[in-house]
Number of protein chains: 2
Amino acid sequence: MTEEDVSGMQRFKVGELVVDPGTPILLEGSNSPQLFTLLHGMGLRYRHLENGERQVINFVFPGDFLGLQAGLMGVMGHSVEATTKMTLCVFDRKELWSFIKADPERGFELAWLAAVEEHFLGESLTTVGQRTALQSIAWMFVRIYLRLKASRTSIDGTMRFPFKQRDIADALGLSLVHTNKTIGILKSRQLLGWTGDDIQIYDLDKLASIGLTTLADPKIRPIM
Amino acid sequence: MTEEDVSGMQRFKVGELVVDPGTPILLEGSNSPQLFTLLHGMGLRYRHLENGERQVINFVFPGDFLGLQAGLMGVMGHSVEATTKMTLCVFDRKELWSFIKADPERGFELAWLAAVEEHFLGESLTTVGQRTALQSIAWMFVRIYLRLKASRTSIDGTMRFPFKQRDIADALGLSLVHTNKTIGILKSRQLLGWTGDDIQIYDLDKLASIGLTTLADPKIRPIM
DNA sequence: CGAATGTTTGACTGGAGTCAATGAGGGTGG
DNA sequence: CCACCCTCATTGACTCCAGTCAAACATTCG
């Protein structure tokens with residue numbers, strides 16, 4: 001980003017927001033007047049089915065932009081909730097249009113962000129639809145590890161992971177019990193460790209192999 | 001769109017392309033020099049897993065924009081293939097940037113397109129992850145029917161559906177056999193009919209109810 | 001010390017997958 | 001004109017991966 005961009009961002013920026021774990025940030029079906037960039041902390045995007053089932057769309061990490069759908073379409077397709085304490089950079093939805101108008105490249109970047117999200121969702125859909133439980137879980141840890149590594153949030157094989165097995169189960173369309181037993185298999189094979197809120201990746205290659213995935217360069221994420 | 005927009009589109013447009021059924025339009029992992037708008041015909045977006053399994057990302061209908069990911073990120077996250085004969089409006093990827101620069105609103109619209117796709121993918125993910133086979137299939141027919149109805153391609157309860165049960169199975173993460181038997185249930189309950197390439201929706205409300213979905217207004221699709 | 005939340009295990013069930021064979025149409029070449 | 005083939009839809013029998021139920025542990029916390 002150029003300095004001009006940054007100053008433009010600053011004008012667009014309304015302030016910072018700190019929320020406690022469990023706080024809902026955005027609600028499915030609503031039209032938030034604000035958009036956010038996650039500066040610190042982690043959370044979840046999810047949707048609820050009418051029968052109460054929850055699908056975790058994906059995990060939210062620092063650098064992620066929240067509220068794009070509301071900003072563009074006027075309605076959120078999913079909810080976003082803080083899992084840990086979060087620090088958010090707040091933008092004003094009303095300013096989004098003038099922000100884009102000021103520099104066409106910003107519209108391009110916004111579209112890029114949305115396209116990247118779409119890309120990840122396509123991967124997740126493929127996982128939930130075609131991978132077995134073991135493959136899914138191995139795939140997910142690899143994906144998350146690479147994502148965190150790309151943003152230098154993981155240190156030599158260890159990453160912070162404040163989520164519960166329930167969240168993983170809901171993300172992969174598996175039952176909690178089966179998720180637990182399947183993670184147990186990976187742990188017993190010495191491929192990963194999970195202590196408290198930290199996960200250790202012992203054998204990334206093996207995990208990637210089980211998860212039927214390659215270790216290609218993770219896509220660069222534009223940060224807004 | 002204003003007339004100015006249309007003339008801008010015309011300059012962006014390279015020509016028209018007609019392809020036969022089965023023709024690959026875009027390839028996962030590739031960077032197509034061209035982008036398309038589907039004018040006529042239907043097709044599929046899909047990804048392949050390393051073990052050969054196929055996940056159908058979604059069905060492609062007239063008005064859909066193809067190649068957005070390649071245009072924005074430089075790589076397609078999925079392949080696109082023609083199921084019927086197709087007529088495509090062809091754009092030049094190289095011109096995309098100048099196209100956006102000419103009018104910031106276009107960048108906004110592009111982002112909108114991507115956000116709409118993201119929204120649908122989130123819905124699909126929820127379906128594959130949380131709905132039962134019967135719910136999934138009912139949901140899918142409702143979704144497709146509403147989509148086609150919105151573009152006036154369906155006539156009072158009947159729609160053209162040139163896809164195979166294999167495609168539906170791959171879209172919902174179900175086996176072919178189970179998909180067939182589940183569709184059989186809906187047919188035996190007189191909720192829908194399927195003759196050749198045409199599907200009749202006999203009881204939309206009932207289907208929506210089974211599919212755990214509401215009949216909210218389908219989102220307006222910007223056409224590029 | 002309960003109470004709450006989350007993880008583990010074991011036993012059993014069932015929805016969906018696999019295998020395999022039969023139909024049902026549509027082309028096509030002899 | 002029809003036997004042959006190919007693709008796709010349909011069925012039945014059987015299997016199994018993952019879901020459900022339920023109880024025991026483990027941690028944290030007021």
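The sequence lines fix the lettering, A, B, ..., with proteins before strands; numbering per chain opens at 1. The analysis underlying the following values was restricted to heavy atoms, covering all of them including side chains, and did not include hydrogens, waters or symmetry mates.
The residue L174(A) sits close only to the backbone: its heavy atoms come under 4.0 Å of sugar-phosphate atoms, none of a base. Counting non-hydrogen atoms under 4.0 angstrom, I183(B) reaches nothing in the nucleic acid. Across all strands, G173(A) comes closer than 4.0 Å only to sugar-phosphate atoms, never to a base (heavy-atom distances). Residue contacts shown for T132(B) are limited to sugar-phosphate atoms, with no base heavy atom under 4.0 Å away.
In this structure, L134(A) atom CG and dC16(D) atom P are separated by 18 Å, rounded to whole Å. To the nearest angstrom, C1' of dA18(D) lies 13 Å from CG of L176(A). Across the protein-nucleic acid pair, H178(A) atom NE2 and dG10(C) atom C1' stand 15 Å apart, rounded to whole Å. The NZ atom of K181(B) sits 11 Å away from the C1' atom of dA20(C) (whole-angstrom rounding). Rounded to an integer number of Å, the gap from F163(A) CZ to dT5(C) C1' is 17 Å. Rounded to a whole Å, the CD atom of Q130(A) is 10 Å from the P atom of dT18(C). Between the CZ atom of R166(B) and the P atom of dT10(D) there is a distance of 14 Å, rounded to whole Å. One can place CG of N180(A) at 15 Å from P of dT20(D), the figure rounded to the nearest angstrom.
Heavy atoms from other residues, nucleotides or ligands lying under 6.0 Å from NE2 of H40(B) number 12 at most.
With DNA chain D read from its 5' end, the first of the two nearest nucleotides for R131(A) and V177(A) is the one closest to R131(A).
Between the side chain of T127(A) and the backbone N or O of E123(A), at least one donor-acceptor pair lies under 3.5 Å.
The aromatic rings of F163(A) and F61(A) stand perpendicular to each other, their planes meeting at an angle above 60°, with 30° marking the opposite boundary. Under the 30°/60° scheme for interplanar angles, the aromatic rings of F161(B) and W194(B) are found to stand perpendicular.
We find that D167(A) and R54(A) are joined by a salt bridge, their nearest charged nitrogen and carboxylate oxygen being less than 4.0 Å apart.
Nearest to the side-chain atoms of Q165(B) among the listed nucleotides dA16(C), dT10(D), dT18(C) stands dT10(D).
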